Amino acid sequence: MSRMNELFEQLGIRAKEANIYRLLLENGDLTATAISVKAKESRTNTYMILEQLMELGLVTTDESKSVRRYVAADPTVLRQLFTDKQQELKLAQKYLNQNLPELKSMYNLGRLKPGVVYLEGLKGSRV
């Protein structure tokens with residue numbers, strides 16, 4: 001796996017998203033049809049991938065022409081994705097630290113639970 005692929009993977013960008021982002025970086029603005037042909041993806045998948053890339057801030061649209069064209073954002077945006085990922089991990093660590101004692105208690109109770117059988121009624125008292 002190339003270093004660039006590793007970078008995209010670590011940032012949570014899937015292979016197909018990374019492929020289309022690279023296509024746009026290399027080719028400038030493209031229509032969805034042109035992207036789907038170059039990426040060898042169906043148009044439906046291409047639109048879904050482009051939507052995901054726009055949510056990540058890696059792609060924008062240019063609607064100044066008669067047909068909507070997609071444009072790659074400056075790669076420095078990846079630095080912001082990295083910062084966001086760090087913040088998410090810090091928050092997850094905080095929640096883990098807050099909830100770990102309760103989870104550990106539940107784990108211990110489940111493992112150390114005595115084998116007690118509850119009997120109810122007259123039928124339950126017969127062994």
Side-chain angles (χ1 to χ4, degrees):
M1 182 184 296
S2 76
R3 279 195 249 157
M4 194 176 299
N5 289 344
E6 287 179 32
L7 165 69
F8 288 127
E9 186 178 306
Q10 291 298 317
L11 291 173
I13 301 168
R14 294 183 284 269
K16 290 182 178 190
E17 293 169 345
N19 184 38
I20 289 180
Y21 179 62
R22 276 189 293 225
L23 263 172
L24 289 168
L25 285 172
E26 294 167 356
N27 294 285
D29 63 338
L30 293 170
T31 64
T33 302
I35 294 167
S36 67
V37 170
K38 288 179 180 277
K40 297 177 182 160
E41 283 288 335
S42 71
R43 280 186 52 186
T44 304
N45 282 350
T46 300
Y47 279 113
M48 288 182 354
I49 293 167
L50 287 167
E51 200 58 43
Q52 292 163 345
L53 287 169
M54 287 191 295
E55 286 176 16
L56 292 170
L58 293 173
V59 171
T60 59
T61 59
D62 177 6
E63 301 191 29
S64 64
K65 300 175 182 164
S66 61
V67 177
R68 177 185 290 169
R69 301 179 76 78
Y70 294 87
V71 182
D74 187 307
T76 55
V77 171
L78 295 170
R79 190 171 284 136
Q80 183 60 46
L81 283 177
F82 178 74
T83 303
D84 293 346
K85 193 115 175 136
Q86 282 181 314
Q87 292 301 321
E88 288 174 16
L89 287 171
K90 284 180 184 177
L91 188 60
Q93 183 179 23
K94 176 184 169 188
Y95 290 144
L96 174 64
N97 290 339
Q98 287 174 348
N99 291 292
L100 195 56
E102 184 179 350
L103 292 169
K104 189 125 174 100
S105 174
M106 291 166 58
Y107 171 76
N108 288 334
L109 283 173
R111 287 191 56 207
L112 305 174
K113 190 182 291 186
V116 176
V117 176
Y118 295 98
L119 306 173
E120 293 184 19
L122 293 175
K123 289 183 181 180
S125 63
R126 296 184 196 148
V127 181

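As the structure is a computational prediction, the values presented were derived from the model and not from experiment.
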**Message:** For the CG atom of D74 and the CZ atom of R79, what is their distance to the nearest 0.5 Å?
**Reply:** 9.5 Å
**Fill in**
Rounding to 0.5 Å, atoms CZ (R22) and CE (M4) come to a distance of 6.5 Å
**Prompt:** Can you name the nearest heavy-atom pair linking E17 to I49, along with the distance?
**Reply:** CA-CG2, 3.7 Å
**Asked** Atom CZ in R43, atom OG1 in T33: separation rounded to 0.5 Å?
**Response** 4.0 Å
**Request:** Supply the atom-to-atom distance L24 CG to T60 OG1, rounded to the nearest 0.5 angstrom.
**Result:** 9.0 Å
**Asked** Can you list the residues that meet the side-chain contact (heavy atoms from CB on, under 4.5 Å) rule with Q10, with sequence neighbours excluded?
**Response** none
**Item:** By side-chain contact (heavy atoms from CB on, under 4.5 Å) - contacts of V77 (at least two apart)
**Value:** L58, A73
**Asked** side-chain contact (heavy atoms from CB on, under 4.5 Å) with A34: which residues, sequence neighbours excluded?
**Response** L30, T31
**Message:** Quick check: closest heavy atoms across I35 and L23, and the distance to 0.1 Å?
**Reply:** O-CD1, 4.2 Å
**For Y95, side-chain contact (heavy atoms from CB on, under 4.5 Å) partners two or more places apart** = L91, Q98, N99
**Message:** Please say yes or no: joined through hydrophobic side-chain contacts below 4.5 Å, possibly via intermediate residues, are L56 and L7 part of one cluster?
**Reply:** yes
**Complete:** By salt bridge (charged side-chain N to carboxylate O under 4.0 Å, His left out), E26 pairs with (sequence neighbours left out) none
**Message:** How long is the straight-line distance from CD of Q87 back to CZ of F82, given to the nearest 0.5 Å?
**Reply:** 10.5 Å
**Message:** Applying the side chain to side chain contact (heavy atoms under 4.5 Å, CB included) criterion to K16, which one of Q52, M48, E41 satisfies it?
**Reply:** E41
**OG1 on T83 to CG on L78, rounded to 0.5 Å** = 11.0 Å
**Item:** Side-chain donor-acceptor contact under 3.5 Å, E9 with N5
**Value:** no
**Asked** Under the side-chain contact (heavy atoms from CB on, under 4.5 Å) criterion, do I13 and Y21 qualify, and how do the steps go?
**Response** CA-CA 10 Å; I13 301 168; Y21 179 62; over 6 Å; no
**Asked** Hey, quick one: are L25 and V37 part of the same hydrophobic cluster, counting side-chain heavy atoms closer than 4.5 Å, chains of contacts allowed?
**Response** no
**Message:** Using the rule that Ile, Leu, Val, Met, Phe, Trp and Tyr join whenever any side-chain heavy atoms are under 4.5 Å apart, tell me whether V71 and I20 fall into a single cluster.
**Reply:** no
**Prompt:** With sequence neighbours left out, what residues match R68 under salt bridge (charged side-chain N to carboxylate O under 4.0 Å, His left out)?
**Reply:** E63
